Amino acid sequence: MSAHFRKLALIGIGLIGSSIALAARRQGLADVISIATRRQETLDEARDLKLGDIYTLDAADAVRGADLVILCAPVGAYDALARAIGPALEPGAIVSDVGSVKEHVVKVVAPHLPAMVHFIPGHPIAGTEHSGPSAGFPELFAGRWCVLTPGPEVPADQTEKLAAFWRAMGSKVESMDAAHHDMVLAITSHIPHLVAYNIVGTVADLETATQSEVIKFSASGFRDFTRIAASDPVMWRDVFLTNRDAVLEMLGRFLEDLSVLQRAVRTGDGDALEAMFTRTRAIRRSIINAGQETAAPDFGRPHDTPPEPETKFVREHGGGDDA
Ligand code: NAP
């Protein structure tokens with residue numbers, strides 16, 4: 001199945017949109033790439049970075065004649081964008097997106113699309129905490145999953161064509177039901193972000209003296225939450241507004257499990273704590289074995305060599321974090 005499209009329209013050109021533009025260009029997946037965004041300064045930045053061939057602030061203009069359209073804006077903007085592009089879409093075009101939630105996307109986008117286009121929502125499980133056109137890089141999707149959630153009305157060959165496009169950018173592709181996607185992502189992505197936002201928020205509320213100590217000693221664990229908690233506020237606001245039910249369901253389970261840990265700490269139940277930490281360690285090992293994370297200690301961060309010969313220390317591996 002060919003992964004090639006005549007005209008690829010990207011609506012939104014931040015981290016994900018620009019990474020698609022760069023990967024599609026490098027792999028020769030589109031003859032023409034047209035880019036639409038909301039603000040002139042973002043459009044100018046995309047043009048300076050030579051991310052596409054056509055640049056416009058009018059999403060409808062961008063999709064005219066496109067055989068692949070991908071919405072790459074925050075999910076909260078989808079309703080208005082779908083209304084705008086609906087009448088301009090080419091018959092037979094594939095319309096997709098990259099939003100982090102899927103049921104809501106189907107609800108707000110599908111009603112505005114003409115019957116003769118193929119709507120195949122998508123979600124690349126790949127990202128960083130950076131935003132904007134300059135944040136993108138063509139390897140972002142390499143080795144990462146892309147989930148497609150086509151409805152039953154979508155012909156299999158159209159889904160396969162979009163899957164081939166993602167595979168050509170390095171992704172592994174899986175199709176699933178939109179509701180199932182939202183439940184899985186609630187626990188693998190949305191709750192971890194909520195926890196990170198919360199723990200970093202707690203530090204932000206501490207008095208200044210304690211806060212500076214937290215920052216000084218952040219390598220003991222806190223630092224790793226701050227990367228996630230630095231993610232784009234608008235994008236994540238929209239995720240929690242639009243995947244409310246699945247997030248609340250998983251948050252309920254999370255809080256129950258947290259209470260169990262709280263009780264174990266309060267009662268000094270070392271066996272319970274050790275059993276839990278042993279199970280969680282096994283999960284990390286399986287993520288590494290699945291190629292979704294580096295096996296290098298401390299995420300492969302470079303470490304300074306200590307000065308010789310006065311100070312010598314041996315760094316122990318496998319003992320957890322630097323706590
Ligand atoms: P980003 O870097 O912040 O870029 C967002 C883009 O959308 C910008 O071009 C922005 O335009 C445009 N936009 C914002 N609000 C808009 C509006 N109301 N109407 C039209 N355009 C608007 O965002 P991103 O990280 O690429 O995320 C884009 C999508 O990818 C989101 O739906 C997110 O859920 C999904 N996603 C993100 C990640 C991740 O790790 N970041 C991973 C997977 C999926 P202006 O700059 O011109 O305002």
Side-chain angles (χ1 to χ4, degrees), residues 9-23 33-49 51-52 55-63 69-85 95-106 108-109 112 121-142 144-149 166 169 171 173 178 181-182 184-186 188-190 192-193 196-197 227-243 246-247 292:
L10 298 169
I11 313 302
I13 194 71
L15 166 70
I16 303 292
S18 62
S19 296
I20 295 176
L22 291 167
I33 298 177
S34 87
I35 289 170
T37 191
R38 180 179 52 170
R39 292 178 301 148
Q40 184 66 47
E41 62 189 275
T42 306
L43 198 65
D44 292 344
E45 202 181 340
R47 192 185 283 110
D48 290 346
L49 291 163
L51 294 175
Y55 302 89
T56 174
L57 292 176
D58 183 342
D61 252 3
V63 306
V69 174
I70 307 182
L71 302 179
C72 303
V75 172
Y78 278 18
D79 190 336
L81 286 173
R83 279 173 204 271
I85 65 171
V95 178
S96 189
D97 80 303
V98 295
S100 307
V101 303
K102 296 275 61 91
E103 263 201 308
H104 173 85
V105 166
V106 174
V108 299
V109 173
H112 306 300
H123 177 204
I125 317 285
T128 74
E129 67 278 26
H130 299 295
S131 307
S134 61
F137 52 99
E139 302 84 10
L140 178 64
F141 310 112
R144 300 285 164 218
W145 286 99
C146 179
V147 175
L148 302 180
T149 64
W166 279 103
M169 293 193 293
S171 286
V173 179
H181 165 279
D182 289 356
V184 172
L185 267 293
T188 56
S189 171
H190 306 169
H193 275 79
Y197 281 124
R227 185 191 69 76
I228 298 179
S231 300
D232 189 70
V234 172
M235 170 192 152
W236 283 96
R237 176 202 67 191
D238 288 356
V239 167
F240 291 110
L241 291 179
T242 57
N243 197 23
V247 166
Q292 295 295 301

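Here the structure is a predicted model, which means the values were calculated and not measured. When a ligand or atom number is given, it counts from 1 through the structure's own listing order.
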Where ligand 1 meets [X] - atom numbers and elements under 4.0 angstrom, heavy-atom basis:
| X | answer |
| --- | --- |
| V75 | 32 (O) |
| A77 | 16 (C), 17 (C), 18 (N), 19 (N) |
| P124 | 43 (C) |
| S131 | 2 (O), 3 (O) |
| T37 | 8 (C), 9 (O), 10 (C), 11 (O), 45 (P), 47 (O) |

[atom]: which protein heavy atom is closest, and how many Å away?
| atom | value |
| --- | --- |
| atom 42 (C) of ligand 1 | A126 O, 3.0 Å |
| atom 29 (C) of ligand 1 | A73 O, 3.5 Å |
| atom 25 (O) of ligand 1 | L15 CB, 3.8 Å |
| atom 4 (O) of ligand 1 | G14 CA, 3.1 Å |
| atom 13 (N) of ligand 1 | P74 CD, 3.6 Å |
| atom 15 (N) of ligand 1 | R38 CZ, 3.3 Å |
| atom 27 (O) of ligand 1 | I16 CG1, 4.1 Å |

At under 4.0 Å between heavy atoms, which part of [X] makes contact with ligand 1: side chain, backbone, both or neither?
| X | result |
| --- | --- |
| T42 | side chain |
| V101 | neither |
| S231 | neither |
| C72 | backbone |

If we only count N/O pairs under 3.5 Å, is [X] in contact with ligand 1?
| X | answer |
| --- | --- |
| G127 | no |
| G99 | no |
| S100 | yes |
| H123 | no |
| M235 | no |
| G132 | yes |

May I have the step-by-step check of side chain to side chain contact (heavy atoms under 4.5 Å, CB included) for T128 and L140, ending in yes or no?
-> CA-CA 9 Å; T128 74; L140 178 64; 4.2 Å; yes
Determine, using heavy atoms of [X] and all atoms of ligand 1, whether some pair is separated by less than 4.0 Å.
| X | value |
| --- | --- |
| V239 | no |
| A135 | no |
| A46 | no |

Which pair of non-hydrogen atoms, one from [X] and one from [Y], has the smallest distance, and what is that distance?
| X | Y | result |
| --- | --- | --- |
| A59 | A36 | CA-CB, 3.9 Å |
| H130 | A135 | CB-CB, 3.7 Å |
| I35 | A46 | CG2-CB, 4.5 Å |
| S19 | F137 | OG-N, 3.1 Å |
| H193 | I228 | CD2-CG2, 3.1 Å |

Please round to the nearest 0.5 Å and tell me the distance separating atom CZ of R39 and atom CG of L57.
->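 That separation rounds to 11.0 Å.
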Are [X] and [Y] side-chain neighbours, meaning at least one heavy-atom pair lies under 4.5 Å?
| X | Y | answer |
| --- | --- | --- |
| W145 | Q292 | yes |
| Y55 | D61 | no |
| L15 | S131 | no |
| E45 | S134 | yes |

Between [X] and [Y] (side chain of the first, backbone of the second, donor and acceptor by atom type, cut-off under 3.5 Å), is there such a pair?
| X | Y | value |
| --- | --- | --- |
| D97 | G122 | yes |
| N243 | D182 | yes |
| Y197 | S231 | yes |
| T56 | D58 | yes |

Among I35, V98, I228, closest by any non-hydrogen atom to atom 44 (C) of ligand 1 |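 Checking each option, the heavy atom nearest atom 44 (C) of ligand 1 is found in V98.
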